[in-house]
Amino acid sequence: MIIDELRNGFSAALVAAFGPEIGEVDPQVVPASNPRFGDYQSNVALSLAKQLQQKPRAIAEQLIANVNLSYFCKPLEIAGAGFINITLKPAYLETQLSALQTDPRLGVEKAQHPQREVVDFSSPNIAKEMHVGHLRSTIIGDSIARILEFRGHDVLRLNHVGDWGTQFGMLIAYLREVYPTALTTADALDLGDLVALYKKAKARFDEDEEFREIARQEVVKLQAGAEDSLHGWRLLCEQSRREFQVIYDLLDVQLTERGESFYNPLLSAVIDDLTKQGLLEENAGAKCVFLEGFTNKEGEPLPLIVQKSDGGYNYATTDLAALRYRIQEDGAQRIVYVTDAGQANHFAQFFQVAKRAGWLPENVEIVHVPFGLVLGEDGKKIKTRSGETVRLKDLLAEAIARTRADLETRLTTEGREETEEFIANVSKVVGLSAVKYADLSQNRLTNYIFSYDKMLALQGNTAPYLLYAYVRVQGISRKGKIDFTQLGNSAQILLKEETELVLAKHILHLGEIIAEVERDLLPNRLCQYLYELSQKFNQFYDQCPVLQAEEPWRTSRLMLSDLTARTLKLGLFLLGIKVLERM
RNA sequence: GGGGCUGUAGCUCAGAAGGAUAGAGCAAGCGCCUCCUAAGCGCUAGGCCGCCGGUUCGACUCCGGCCAGUCCCGCCA
């Protein structure tokens with residue numbers, strides 16, 4: 001990457017000017033804070049002033065005298081208090097861009113040390129419908145997985161579905177009573193009815209002591225492997241799985257299902273090992289590990305319960321077992337959990353227990369990637385008009401339907417005729433892209449206000465705006481009957497106009513952005529980059545005729561347009577978004 | 001009571017491993033289609049970066065305290 005080359009150049013200059021011990025300091029090369037300061041800047045002279053007992057500008061001068069970057073940078077300039085401004089030579093940019101012409105990775109390097117990484121995301125519950133709460137985990141998790149995969153990591157995408165535990169005892173016990181066929185015959189009930197029965201079962205569980213006991217017995221039967229219970233359970237899982245798959249197919253998300261039940265045989269070993277470590281204590285009949293740094297209202301240490309007083313295990317036990325399995329059997333070097341921010345406490349707690357139990361080798365990193373809630377336009381938790389949780393299926397269908405309505409209106413006003421197939425496809429791609437992009441383009445830590453009108457808007461930082469920029473490039477190739485792959489190896493990119501230079505420089509930043517997203521796991525940075533790319537392309541498109549330009553500018557501009565489109569396509573792919581040729 | 005996250009323009013949000021006058025979009029106002037889709041581009045206006053202190057040559061960014069919102073806090077996940 002260009003920035004690495006600059007860093008190396010500055011580090012060498014630091015050694016040459018001030019000796020090897022100074023060579024260790026960070027050369028502080030960053031993208032310029034403002035275009036009028038050039039392309040990059042180094043702030044190292046300011047921070048060295050005290051240590052070297054010299055004025056920043058004097059340090060900067062000595063540095064510049066020792067920097068050897070003239071083969072691709074214009075003469076370095078000192079500005080302000082001692083900033084060193086760096087501007088790249090257009091000829092160098094032209095060469096770099098030409099090199100991208102044949103590079104399918106568009107300059108994005110592979111990770112130097114590829115790792116085995118687990119991304120745990122989506123995680124819906126069996127016998128319930130996916131709702132808006134699963135939206136962010138699914139979309140953000142998928143994008144993170146795509147980016148890690150593209151960087152060359154060996155990624156295991158795990159769907160830790162809720163397919164075990166108390167709620168199943170409850171549901172099965174209730175079905176035995178009111179609708180036993182559901183436990184013996186596949187698809188006896190549709191999922192909507194199942195969800196309704198689940199709610200009734202829950203209500204019954206909460207108020208009926210006798211039923212509670214029956215439900216508990218059912219959990220014990222299930223965990224012990226009783227065939228009739230297992231059979232019913234499998235039917236429920238099978239049905240839910242198919243429903244989930246409809247959504248995953250629609251969203252183009254790949255996942256390996258490995259639910260909570262998978263870890264059932266490993267739970268007792270967690271308890272045994274914790275006992276051996278001397279971490280386990282019994283309190284009011286429950287087995288727990290008392291935590292450091294977590295206290296209750298009275299200031300006493302808070303426990304993490306790993307075995308309930310009735311002998312059953314809970315999610316903390318499962319999460320610990322899963323963590324061990326992923327490290328020992330999957331060989332994970334990094335485990336990323338994409339769940340809502342409300343679970344931050346839980347993760348901090350079970351991470352602590354895993355650490356204290358010695359289950360976390362030095363080279364393994366575990367990280368919770370939290371995200372905020374999805375809110376309605378009133379700023380409150382999103383609900384349907386009748387106050388129900390919004391089903392994901394309905395939410396996506398609505399986005400597609402609204403896109404279709406917008407599209408049809410536009411076709412009418414523009415007098416365009418399009419086939420049903422075209423309309424259906426554009427509506428689907430734009431609608432789904434809009435939902436994904438609206439989510440991803442926001443810093444995931446904050447709550448996010450869900451608005452169809454905003455996400456489907458044709459202007460601003462939205463999916464339709466980016467898709468339109470891509471479509472514009474394809475429009476050029478259609479109109480001019482250009483095959484971008486046949487522009488010829490000898491063709492040169494020439495950067496003359498300001499908008500061409502600005503666009504070119506932006507294209508060359510992709511690698512830096514991807515590296516940043518990989519480090520911080522913040523896909524909104526990539527969205528920001530792609531939005532700016534689209535803006536810069538539109539400015540170029542406005543200022544510079546392409547097809548009508550004289551050679552060699554015509555070919556150069558065609559190449560620049562194609563590079564923009566390929567960068568957009570790749571970037572959007574990493575967000576899980578498809579492009580369109582026309583819209 | 002403890003803890004997490006958030007607080008930046010009227011609205012929705014960027015920016016935070018410290019760096020030069022704080023950025024977009026929407027909404028408002030004004031321009032630009034004989035020319036590759038105007039689903040676009042340009043211009044104008046709009047800010048005690050929640051408050052108070054501290055560290056630093058330099059703080060929206062780091063630290064401490066306070067205020068507000070929100071979520072979580074022993075046998076649900």
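We name chains A, B, ... by the order of the sequence lines, and we start the count at 1 in each one. Because the structure is a prediction, the values reported are computed rather than measured.
- Heavy-atom distances under 4.0 Å link RNA chain B to no residue of residues 346-354 of chain A.
- Using the six-membered ring where Trp is involved, A:Phe347 and A:Tyr337 have ring planes that are tilted, between 30° and 60° apart.
- Among the atoms of the strands shown, none is found under 4.0 Å from any heavy atom of A:Phe294.
- Looking at every heavy atom in both residues, A:Tyr448 comes nearest to A:Val435 through OH-O, 4.2 Å.
- Residue A:Ala284 is classed as a base contact, given a heavy-atom separation below 4.0 Å to a base.
- Contact annotation for A:Thr446: backbone-only contact, meaning every heavy-atom pair under 4.0 Å involves sugar-phosphate atoms and none involves a base.
- A close approach under 4.0 Å does occur between a side-chain nitrogen or oxygen of A:Arg525 and OP1 or OP2 of B:rG15.
- Across A:Gln474 and A:Leu580, no two heavy atoms sit closer than the pair CG-O, 4.5 Å.
- B:rU70 is paired with B:rG4 under the criterion used here, namely a Watson-Crick or G-U wobble arrangement in which both key atom distances are under 3.5 Å.
- Checking side-chain atoms of A:Thr462 against main-chain N and O of A:Leu458 turns up no donor-acceptor pair under 3.5 Å.
- Panel note: side chain A:Glu512, backbone A:Met1; no donor-acceptor pair is recorded below 3.5 Å.
- Distances shorter than 4.0 Å separate none of the side-chain N or O atoms of A:Gln442 from OP1 or OP2 on B:rU12.
- Classification of the A:His160-A:Tyr263 ring pair by plane angle, with boundaries at 30° and 60°, yields tilted.
- At B:rA14, none of the side-chain N or O atoms of A:Tyr531 fall inside 4.0 Å of OP1 or OP2 (strictly under the cut-off).
- One finds no side-chain N or O of A:Tyr541 lying less than 4.0 angstrom from the OP1 or OP2 phosphate oxygen of B:rC33.
- Anti is the classification of B:rC43, since its glycosidic angle lies more than 90° from 0.
- Base pairing annotation: B:rC13 forms a Watson-Crick or G-U wobble pair with B:rG23, both donor-acceptor distances under 3.5 Å.
- Using a 4.0 Å heavy-atom cutoff across all strands shown, A:Gln543 reaches no nucleic acid atom at all.
- Of the residues in residues 302-310 of chain A, those placing a heavy atom less than 4.0 Å from an atom of RNA chain B are A:Leu302, A:Pro303, A:Ile305, A:Lys308, A:Ser309, in numerical order.
- In summary, A:Lys436 and A:Asp439 do not engage in a salt bridge, as defined by a charged side-chain N under 4.0 Å from a carboxylate O.
- Between A:Asn461 and the phosphate of B:rG25, there is no side-chain N or O to OP1/OP2 separation shorter than 4.0 Å.
- Residue A:Glu282 qualifies as enclosed at atom CD: its count of foreign heavy atoms under 6.0 Å is above 12.
- Across all strands shown, A:Arg444 has no heavy atoms under 4.0 Å from either base or sugar-phosphate atoms.
- A:Ser534 and A:Leu466 get closest at one heavy-atom pair: OG-CD2, 3.3 Å.
- At the phosphate of B:rC41, neither OP1 nor OP2 sits under 4.0 Å from any side-chain N or O atom of A:Thr499.
- If you check B:rC41 for Watson-Crick or wobble pairing at under 3.5 angstrom, you find it paired to B:rG31.
- A sub-4.0 Å separation between OP1 or OP2 of B:rG42 and a side-chain N or O of A:Asn538 is absent.
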- Query: Can you check ring pair (Phe, Tyr, Trp, His ring centres under 6.0 Å) on A:His509 and A:Tyr40, steps first, answer last?
  - Reply: CA-CA 11 Å; A:His509 274 122; A:Tyr40 293 88; 5.8 Å; yes
